[in-house]
Structure formats: C-alpha cells, structure tokens
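By convention in this document, chain letters (A, B, ...) are assigned in the order of the sequence lines, proteins followed by strands, and residues within each chain are numbered from 1.
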Amino acid sequence: MAEPMKIRATLQGDTADVRILMRHPMETGTRKTATGVVPVHFIQSVIVEHNGKTVLDAQWSQAISRDPFLGLRVKGAKLGDKISVTWTDNKGDKRNDEVAVSAGS
Amino acid sequence: MKQLRRNFLKLSGGAGVAAAAAAAGLLKAGSAWAAPWNKSAFESKAVADALKGLGATNLIESKDITITAPDIAENGAIVPIAITSKIPNTQNISIIAEKNPFPLAASFDISAGSEGYVSVRVKMGQTSDVRAIVKADGKFYTAVKEVKVTVGGCG
Amino acid sequence: MKKLRGITMGLVSALCLAMATSAMAQGNDLSVGRKMLMEDNPGELWIDQGKALFLQKRGPKNASLEQCDFGMGPGKLEGAAVRLPRYFADTNRVEDLESRLLTCMTQLQGFDRAQLIKQAISAPASRGSDIEALALYVTSRSNGMKVNVSLGHQKEYDMYKAGEYLFYRRSGQTDFGCVQCHGEPDKRIRLQDLVHMTSKAGAQEVAATWPAYRGAHYVVRTMQWRLNDCVWQMRLPDLKYATDYSIALTTYLNRQGNDAVMQVPGFKR
Amino acid sequence: MKTTLIIQCSLSAATGLLLAGCATYPDQATTRQMAEKMVFEAFDASPAHMKRLEQDRSQQICSKVGDAKLSQEEAAEVVKLARASIQYPTSGQLSGDWKAGDRLAHDGAGDRIRNGKTENRKENGALCQNCHALAPGEINVGNVGTPLTGYGKQRGNSEAIVKYTYEKIYNAWVYFPCSNMPRLGATGHLTPEQVTHMVAYLLDPQSPINK
C-alpha cells in the first residue's frame, strides 16, 4: 500500500524549508504496457499542516510526475514544530507522515 | 448515456476515463475535510476553460511572480517548476502547462502561514508555455515562461 | 591527403567557433533544471526500500543479507561500496556491486541466480527491482566517503587493464567503442551531456553517482543498466548481467575515479 | 597510472612488505587475450548477432588504447580498406532526395538489438542528429561531430564535392582514418540509396541545413 514519504523540514531564519518526496505511480491513464493501458491513478490532494494548522492545501492533476516532489516554505516556524503531510489519491488511498522542524545547515 | 460516454472519451482520450469517473465518486467519500477536487478545472482541455474553472478572470500580468523552471527540459517526464509570488496576501497559486492534454497541473491554496512559494515536477508532452496564476486579495495575476521539451534519449 | 587535411582543418575551426557558442548557451539553460532535480531526488525513496530488503529474511534459506560480505567483513557496509569492484577470496574473482549482491543472494538466501538476473533491471515506471534498491542502499552507506578502488591483487590489475582495453575497443555497425562518445570534454548526444570519462573529473562523476535515479524511467538504475544501454546504442547484442566484461569496465572507470566523494542516488535525466 | 604503480611497488619493497612479488599489469598481448575472451562471454546472441562483436581489420587498428597513436602504415591501411569498401548506387546518381535525407538525419534508430531481436523497421535512421548540429536553430542536436549547418552553402555542389560527400558518409575513414564517425555505408547501416539522400540533404540549396 502507500509507502512512507521522505520529508525534510529545516529552519532558515523563522521559515521552515519543507521538501517532500512521495512514492506514487501518478498514472495518467494513457500509459500502455504489454498488458494493456494502466488505469488512471494519481494523488489529487496534498495537505500540509504546521502544528495542526493547514498551511497548504494542494490539488493535483495526473500531470504531476511520478514519485512526486512538493516544496514549500512555512512562516513563523521554530525548532521542533510539527510538519504533517497527508496525501489522498483518486482511489481514496491516503498517507500521512510527520516530521519535526530541524536546524538548517 | 451514449452521448455522455462519447464526451467523456473525448475529454480524457482513453481507457482511463471510466476509472477517472469512478475515482471522482470515491474521492467525495474519502476526503471530507479537504477542499473538493476541482473537477471542472482539472478536466478542462482548453486553457480558457481551466481558467474559468479556477474562477480566474481579468488576469493581470505581474512581475512579482517568478517562475523557476529550465529553459530546456531534458526530460518531459519530470520538469521541475517552482513559483514564487511576492504579491501580498497570496491565496492561491495554480500552474498551467498550456499544451498539455489537461492544461491545469496543480492548484495550491496557501494560508497566511505559508510563503507564496511552491515547487513541484510536472509531465510535459511538448514545448509549451508554463503559466502561473496567482490569486491575491480576490484578484488574479499571471506570469508565463516557455519550457522547451526535447524528447529524451537517442531513440 | 595533405592538401585535404588543410582544407578540413580550416573548415573545422570555423565551424567549431559557432558550435562552442551555441553549446554554452544551452549549458546554462539546462543547468537550472538539473540543479532543481538533484536537490530533491526521488531516488532517495529507494534507500529505505533497499534497507528493508537487506534486513528482511528472504529466499529459500529464509536469511537476511546481514551476513553478506562486501569486502569489509560480514554485514559491514560503511565504506564497502567505495572499494568496489574488488577481489573476493571466497569466489576467487573480482566482483562489482551487482555481482556481489548476486553472490550473496544466491549463497546466503538461496535465490536462483538466473531468476534474479531476469528481474534485475526493472521495467520503467515500476517499483524497481530488488537488486536496484539493494545496490542503492549498500552504496548509500558509503555516502560522503572517497572512492578507493585498489589494485592490490593480480586479478584486480587484470580486470583494470581489460577494462581499459574494452573502453577503446571498437566494433559493430557503428564502429563504436566507449571512447567515441566519452573521450572528449563538453560533448553531447543530442542534448544529453556525455561524461568525459578519460578525464579524472569525468571518471569521478561515474564512480560517485551510481546507482542513480533515471528521470526518464522513474526508477533507480545501477551501473550495469548504464552499460547495457550504452551497448544497445552501440548496436551490440544483449549484454548479459554481471559478466567480467561489465566488471572490467567498472573496475577501470571506478579506479580512474578514485578520490571522488560518493553521493548516491545520482540523478540522470 | 604507471607511475602510481611503480611508487606502490617500490614502497612496499622498501618497507619489506613485498611478499609473493608485486602485482603487475599484464602485458598487451595477455590483456588483449583476456579482454577478447570477456567480450565473447558477455553477450547473449545468435551467431549472426555475435558477428557484430568481431572486429574487422580496420576496427582492430582503430582501437588504440589510451594515448597510443596510429602509425602512418596503419593509417594507410585503413584508408586503403575504406577506399575498397565504397559502393555506389546502381543508378550512378550520388545525390538523391533531400527531404528523405532530412527525415533520416533526424532518425536515430535502426539496427539496435533487444531481447535477441533487431529493431523492426523499414530502414535504419542515419543518426546525424545524435552527433551533428543540423539546420540553423535546431536545439536537440549533438556535438560529438562537427556542425553540418550550412554544409552545402559553404562548399557548393560541384561534382567533386558531391563525390567527396558521398564517400565521406559511406566510409568516413577514406578521408579520416579511425575518426569517430561510423562507416555508415560500409558497415551496412545505410544503403547506397540512403547515402544519396544524405548527400542531397547536405548539399541541396533547398535543404533546411543550407537555409
């Protein structure tokens, strides 16, 4: 089923630089393989929360590349703040992962 | 029904249609707390219809929007695109790859807790203008950048 | 003959000028995208997959790979990949990463070698193969360390010299050896940059960036895949997996790339 | 690399760590023998496809390792073999259809083998785009070879140039022994007729390459 995301959230001043990699096929519904056309299957919604408050509510089409990346910047962040990411795809599959904001390099 | 079905086929041009329709139904049940997926905008084949779906009218060209993307993408399967909006009170950033079968690729609602910045990767079938639409204080702003797509590989 | 050379030389230099300018312009255009993709590499998602496979008890012998010796002792992965290929006494041969994985997966876990090889190079836009994920995980444990292929054993010397010979060996419908595409700086096939492997920096790039996420395929690929694809473009027949031919070329290139700092997964368009 | 080896050896000798003798590089003949064996064990192919791995005399000569230089005698032999390889189209016409040439120039496929099967195509591409700049403004072109932009504009299309161009494409080694350019006609990748289309593509004033 849905596999863990890789989330990096690092503090740059008072902003958290958030970089998210997700494992998802993001099938357009037009790709052909030896066994036929692969059905459309893609993440439609990604919600990013900062300490429980939604900071980004994304809607995607099947044009987002496979194994998607999402980068954003969260204002007013502190070390240890929780960044939580939830995606939902067109089949209703979901995945939620969470990290704490860490010190930037 | 027949007519409807034909329209559907025309829309998404392939066997994925039935699945897409079924999926749209599933979605409603699955994500009560997220804003509903903007079906009309995402399933538009024309840029104008996608804009209508977003409610974007009277677009204002803005230099406060920066599109960071390669001039030439080596591989249309994974084209990195980042949008930065310096427009105060940016509420939404949407990305449109104008020549894609469904031009609207992504739409981000941005709360006050987030900077006007998003970065994603998009599939692009061919060289195309990439358009950013920014909604701020109820107005719609736009910027555009061409990304050349060359077919990768030596085949 | 002499006269002809004169004419061509003049022509070449005139044309080269035009070429250099256009190539430079394109180099800038491409770099933005490359940097963005490199910074957040989906290949990273394969590391955990590889780690799970490494630790999981699998195969007919229901064993993990924790007893696999990549040259630093059983289960010791830190700094192991940067020293590959190397000579292994237990098999009495020089092995690269992929062939060593095959050795362990057959001997420790009891998998069928032919079956493993059949699945070793995964389909594009798939979850990737076990070997691809394992190869990345094992190599990632050497991230930040310097490539250090030693030629202490006679068989390592032999491999190195054979690899060098093969790098320059021309054959087939296109008269290509490796050097035809990888012997000069700043060359491209269409828009794709060709690594200048006869330079130290180029060899280091090879040694330090595989396994890599291949954007066009959406999967992690290993060096063995890279060689397969080169050989295909060269119009040669299907290259078998993990034969001495590949190990020799890898030994040659990695040795030339000594002192490169390992950083995987690489990102290849 | 040699220097490193010597240092390593003398170091270990000096410190008395040298046991069974220093590992040494095999000599040229041994290397060749080992590596050739590797080649023929490394591929899974029908006898017909295995033939592609066998080097002809010219390929042997042209596979100089490292900085080794081609001797004058070797260069002369390659040129002689190349000269003898050239076949002209039955029509006698060395310049064909530039439009066909344009298409072929941008076709990088043909002759490749996967899972034991050769690509199933009507004809092979001429591969030009992979390595050469072509019409002005084309961006998806390589630079391994010299740019061909304006090729005909610079040279005209006298009979001598037509013949030179034909031969250069058919077997580049007539003029540049052991150059990187594939001997497209001589290896059988292109037919003489296809080569005439490439000539037209390069020389015809109407061709996009001369615009």
Side-chain angles (χ1 to χ4, degrees), chain C residues 1 4 8 11-12 14-16 18-19 22-23 26 151-158 160-177 179-181 183-184 186-192 194 198 231-233 235-240 243-248 255-256, chain D residues 1 5 23-26 30-32 34-35 37-39 41-46 49-50 52-55 58-60 62-66 79 108 111-116 124 127 129-131 133 139-144 146-147 149 154 173 175-176 178 180-184 187-189:
Chain C
M1 192 65 205
L4 221 142
T8 358
L11 212 113
V12 166
L15 287 172
C16 277
M19 178 183 72
S22 79
Q26 286 172 5
L151 302 180
H153 192 279
Q154 184 63 46
K155 290 198 174 187
E156 293 169 345
Y157 280 96
D158 291 353
Y160 173 84
K161 278 314 257 189
E164 182 188 44
Y165 173 94
L166 295 171
F167 187 83
Y168 292 93
R169 185 187 192 273
R170 305 180 74 169
S171 72
Q173 314 297 94
T174 53
D175 294 312
F176 284 160
V179 72
Q180 269 58 53
C181 283
E184 288 174 74
D186 304 321
K187 293 295 179 190
R188 304 185 321 268
I189 288 280
R190 300 201 198 175
L191 272 187
Q192 276 75 60
L194 295 162
T198 51
V231 154
W232 173 71
Q233 288 293 5
R235 271 68 186 172
L236 300 184
D238 297 299
L239 183 60
K240 290 188 211 163
T243 64
D244 281 349
Y245 175 93
S246 310
I247 297 168
R255 166 71 184 194
Q256 298 293 91
Chain D
M1 211 37 68
L5 174 66
T24 52
Y25 285 137
T30 314
T31 300
R32 184 184 158 77
M34 283 188 310
K37 185 164 168 278
M38 289 178 188
V39 170
E41 288 170 352
F43 294 87
D44 202 0
S46 66
H49 283 162
M50 285 303 276
R52 295 195 184 185
L53 299 164
E54 291 169 16
Q55 292 178 303
S58 303
Q59 286 171 331
Q60 277 173 18
C62 294
S63 297
K64 292 284 175 207
V65 172
V79 168
D111 248 353
R112 289 175 296 201
I113 300 169
R114 189 149 272 170
N115 299 325
N124 291 330
L127 321 177
Q129 177 191 14
N130 289 345
C131 295
I139 56 164
N140 195 17
V141 289
N143 68 353
V144 175
T146 51
T149 315
Q154 292 147 3
W173 296 357
Y175 298 105
F176 303 93
C178 300
N180 288 339
M181 168 104 175
R183 298 168 296 168
L184 290 168
T187 64
H189 185 80

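Under a 4.0 Å N-O distance rule, the pair C:Asp175/D:Arg183 qualifies as a salt bridge.
In terms of heavy-atom pairs under 4.5 angstrom with chain C, the leader among D:Gln129, D:Met50, D:Met34, D:Lys64 is D:Gln129. When each of C:Asp244, C:Asp158, C:Asp238, C:Val179 is checked for heavy-atom pairs under 4.5 Å with chain D, C:Asp238 comes out on top. The most heavy-atom pairs under 4.5 Å with chain D, out of C:Lys155, C:Arg169, C:Gln180, come from C:Arg169. The candidate from C:Ser171, C:Ala248, C:Ala162 with the greatest count of non-hydrogen atom pairs under 4.5 Å with chain D is C:Ser171. No other option in D:His189, D:His49, D:Gln55 has as many heavy-atom pairs under 4.5 Å with chain C as D:Gln55. Counting heavy-atom pairs closer than 4.5 Å to chain C, the top-ranked of the candidates D:Gly188, D:Cys178, D:Ala45 is D:Cys178. Ranked by non-hydrogen atom pairs under 4.5 Å with chain D, the options C:Leu236, C:Leu166, C:Ile247 are led by C:Leu236.
If you take OG1 on D:Thr31 and NZ on C:Lys161, they are separated by 6.0 Å, rounding to the nearest 0.5 Å. In this structure, CG in D:Asn124 is found 7.5 Å from CZ in C:Arg235, a value given to the nearest 0.5 Å. In this structure, the separation between CG on C:Leu194 and CG on D:Asn143 is 8.0 Å, given to the nearest 0.5 Å. Taken from CG in D:Asn140 to CD in C:Gln192, the straight-line distance is 7.0 Å, to the nearest 0.5 Å.
Residue C:Glu184 touches chain D through its side chain alone, counting heavy-atom pairs closer than 4.5 Å. In this structure, chain C has no heavy atom under 4.5 Å from any part of D:Lys37. Residue contact with chain C, scored on non-hydrogen atoms closer than 4.5 Å, is absent for D:Leu184. There is no contact between C:Phe167 and chain D, counting heavy-atom distances below 4.5 Å. Contact annotation for C:Thr198: neither backbone nor side-chain heavy atoms come within less than 4.5 Å of a heavy atom of chain D.
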Go through it in stages, so that I can follow the logic: the residues are C:Thr243 and D:Glu41, the test is side-chain contact (heavy atoms from CB on, under 4.5 Å), and I'd like the CA-CA distance, side-chain angles, deciding distance and then a yes or no. CA-CA 8 Å; C:Thr243 64; D:Glu41 288 170 352; 6.0 Å; no
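Side chain of C:Thr174 to backbone of D:Pro182: no donor-acceptor contact under 3.5 angstrom is found. Using modelled atom types, no side-chain atom of C:Gln173 and backbone atom of D:Arg112 make a donor-acceptor pair closer than 3.5 Å.
Shown here for D:Val144 and C:Arg188, the closest heavy-atom pair between the two residues is CG2-O, 3.4 Å.
Between C:Tyr165 and D:Arg32 the shortest side-chain heavy-atom distance falls below 4.5 Å.
Between C:Tyr245 and D:Phe43, the ring planes are perpendicular. Angles over 60° get that label, and only those under 30° would be called parallel.
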